[in-house]
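The model shown is predicted, which means the values in this text are computed figures rather than measured ones. Count residues from 1 along the sequence. Order of appearance sets the numbers: ligands from 1, and atoms from 1 within every ligand.
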Amino acid sequence: MNKSFTSRYEMRVQQAYEQQKSAAKPTYILGIETSCDETSAAVVRDGREVLSNIIASQADIHKRFGGVVPEVASRRHVENITVTIEEALREAGKTLEEIDAIAVTYGPGLVGALLVGVAAAKAISLARGIPLIGVHHIAGHIYANRLVEEMQFPLISLVVSGGHTELVWMEQHGAFTILGETRDDAAGEAYDKVARSLGLPYPGGPHIDRLAHEGQPNVPLPRAWLEPDSYDFSFSGLKSAVLNTLHNAAQRNETINPANLAASFQDSVTEVLVEKTLRAVREYGAKQVLLAGGVAANRGLRERLQRRCQEENVPLVIPPLSLCTDNAAMIAAAGYIRYQKGEFASLDLNGVPGLSLTDH
Ligand code: KG4
Ligand code: ZN
């Protein structure tokens, strides 16, 4: 890129930032999220107050294929992004001129999908001369909690989504240490695969959750505790055990009650997730537990974590369902922390499919 062009842009951004900081006015951040199959835009005031959070879901389109088709996702993002941003501004009662910074998910995710949001964010940042902030998708999921309650450090966040299962340790804003992560399938991925084997539609997590509440956890299934000191997770063995149970029953011409199988699967997943989280709370002395990611919508998980956190006397925050699944308000909330620190991206910002949480 032309050097004087970029330095002129950087000067305008710096000026806008300094003006805003000295004005003692609220900061309005426009968040943009397009990492997977939701096109979302949101306006958030001072990192904590959601003025709008528009989500155009593509789940119905991908349902036909039993999962997200990357090319289809990118194309839908292109079609939806402009109207989604306009709608977010309209609902917030703000114009683009009143926005102080743009925060956008730049990874991890599908590269073609990420690029749509990143390109839109860059265009607005350039046109308006306001800061561009790159946000890690998982940082966004964690900061969805700050839209509900202030964070108390040090804290542990259990992140469970369609692509991630992580236990994250935070001693201060914007600093993430991964204590453990999945070695194979993410929790949501395991839910979706098991749902598929039971003939349930995509995304299967909510269907298993509903079924689980109609059954008894009386089918013996394994719990992947791994090594005694490990905070890692593994769900592929459990998923195979569910498939084997179904196959063996079919061979013997027996029927398995799907509700009991769903309840048993959910019991195994939630027990391991919750007990590992509480072990980390005790070992590290966390003052708060945050639940994050799409699987945080799971009733079984919410109930179990609530009960165990109460028993162990540690405060727990769980975002409302609308902030658990992918949305742009959480991206604006995480972006606000970087805004305060002046950590801005350049116009070279790119989509990074394998972006790591610790060195982003
Ligand atoms: O965070 P998210 O919206 O997208 C990713 O970043 O991956 O999470 C989507 C995942 C899907 O796998 C979906 O099946 C799962 O969250 N999910 C659930 C429930 N609601 C959504 N899993 C279990 N129980 C639920 N109630
Ligand atoms: Zn997500």
### Summary
the protein heavy atom lying closest to atom 3 (O) of ligand 1 turns out to be Asp326 N, 3.2 Å
### Task
Mark yes or no for whether Tyr17, through its side chain, and Gln340, through its backbone, hold a donor-acceptor pair below 3.5 Å.
yes
### Query
Side chain of Ser52, backbone of Ala42: donor and acceptor closer than 3.5 Å?
no
### Message
When you compare the side chain of Ile178 with that of Leu167, does any pair of heavy atoms fall below 4.5 Å?
### Response
no
### Message
For ligand 1 and His137, I'd like to know whether there is a polar contact (N/O to N/O, distance under 3.5 Å).
### Response
yes
### Query
Is atom CD of Gln310 surrounded by more than 12 heavy atoms (other residues, nucleotides or ligands) closer than 6.0 Å?
no
### Message
With heavy-atom distances below 4.0 Å as the criterion, list the atoms of ligand 1 near Gly162.
### Response
5 (C), 7 (O), 8 (O), 9 (C), 10 (C), 12 (O)
### Query
Any heavy atom of Gln266 sitting closer than 4.0 Å to ligand 1?
no
### Query
In ligand 1, which numbered atoms sit nearer than 4.0 Å to a non-hydrogen atom of Gly163?
7 (O)
### Message
Between Leu147 and Val44, is there a side-chain heavy-atom distance shorter than 4.5 Å?
### Response
yes
### Message
With heavy-atom distances below 4.0 Å as the criterion, list the atoms of ligand 1 near Tyr191.
### Response
23 (C)
### Task
Answer with yes or no whether Cys36 contacts ligand 1, where contact means a heavy atom under 4.0 Å from a ligand atom.
no
### Summary
So salt bridge (charged side-chain N to carboxylate O under 4.0 Å, His left out) across residues 244-265, not counting sequence neighbours, yields Arg252-Glu254
### Summary
Per-atom filter on ligand 1: closer than 4.0 angstrom to a heavy atom of Gly188 are 12 (O)
### Query
Short question: side chain of Thr165, backbone of Glu181 - any donor-acceptor pair under 3.5 Å?
no
## Note on the structure
Nearest heavy-atom contact between Ser161 and Gly293 is CB-CA, 4.2 Å
### Query
Is the cationic atom of Arg48 (NZ for Lys, CZ for Arg) positioned less than 6.0 Å from the six-membered ring centroid of Tyr336 and within 45 degrees of its normal?
no
### Query
For atom 19 (C) of ligand 1, which candidate among Ala144, Ala292, Pro108, Pro206 holds the nearest heavy atom?
Pro206
### Summary
Quick note, ring pair (Phe, Tyr, Trp, His ring centres under 6.0 Å) partners involving residues 257-293, not counting sequence neighbours, are Trp169-Tyr284, Tyr191-Phe265
### Query
Looking at Ala297, which atoms of ligand 1 are within less than 4.0 Å of one of its heavy atoms?
20 (N), 26 (N)
### Message
I need the nearest protein heavy-atom contact for atom 21 (C) of ligand 1: residue, atom name and distance, please.
### Response
Gly294 O, 3.4 Å
### Query
Which heavy atom in Ile55 sits nearest to a heavy atom in Ser40, and how many Å separate them?
CG1-OG, 3.6 Å
### Asp209 N/O under 3.5 Å from ligand 1 N/O
yes
### Task
Write out the residue and atom name of the closest protein heavy atom to atom 18 (C) of ligand 1, then the distance separating them to 0.1 Å.
Gly205 CA, 3.6 Å
### Message
Does any N or O of ligand 1 fall below 3.5 Å from an N or O anywhere on Asp192, backbone included?
### Response
yes
### Query
Can Lys287 be said to sit on top of Phe153's aromatic six-ring, NZ or CZ under 6.0 Å from centre and within 45° of the ring axis?
no
### Task
Compare Ile208, Asn327, Val295, Ile55 and give the one whose heavy atom is closest to atom 15 (C) of ligand 1.
Val295
### Task
Within a distance under 4.0 Å of any heavy atom of His141, pick out the atoms of ligand 1 and give their elements.
1 (O), 6 (O)
### Task
Could you tell me whether the side chain of Gln266 reaches within less than 4.5 Å of the side chain of Asp209, counting heavy atoms only?
yes
### Query
Hey, does His164 sit under 4.0 Å from ligand 1 if you only count heavy atoms?
no
### Query
Excluding waters, which protein N, O or S atoms are within less than 2.8 Å of the Zn ion (ligand 2)?
His137 NE2, His141 NE2, Asp326 OD1
## Note on the structure
ligand 1 atoms nearer than 4.0 angstrom to some heavy atom of Pro203 are 14 (O)
### Proximal ligand 1 atoms for Asn298, defined as those under 4.0 Å from one of its heavy atoms
23 (C), 24 (N), 25 (C), 26 (N)
### Query
Are the side chains of Val289 and Val281 in touch, meaning some heavy atoms are under 4.5 Å apart?
yes
#### Entry: ligand 1 to Thr325 polar contact by distance, N or O atoms, under 3.5 Å
no
### Message
Looking at every heavy atom in both Pro319 and Leu291, which two are closest together, and how far apart are they?
### Response
CD-O, 3.1 Å
### Task
Provide the full list of side chain to side chain donor-acceptor pair (under 3.5 Å) pairs with a residue in residues 216-227, sequence neighbours left out, each pair given once.
Arg183-Glu227, Arg223-Asp267, Arg223-Glu271
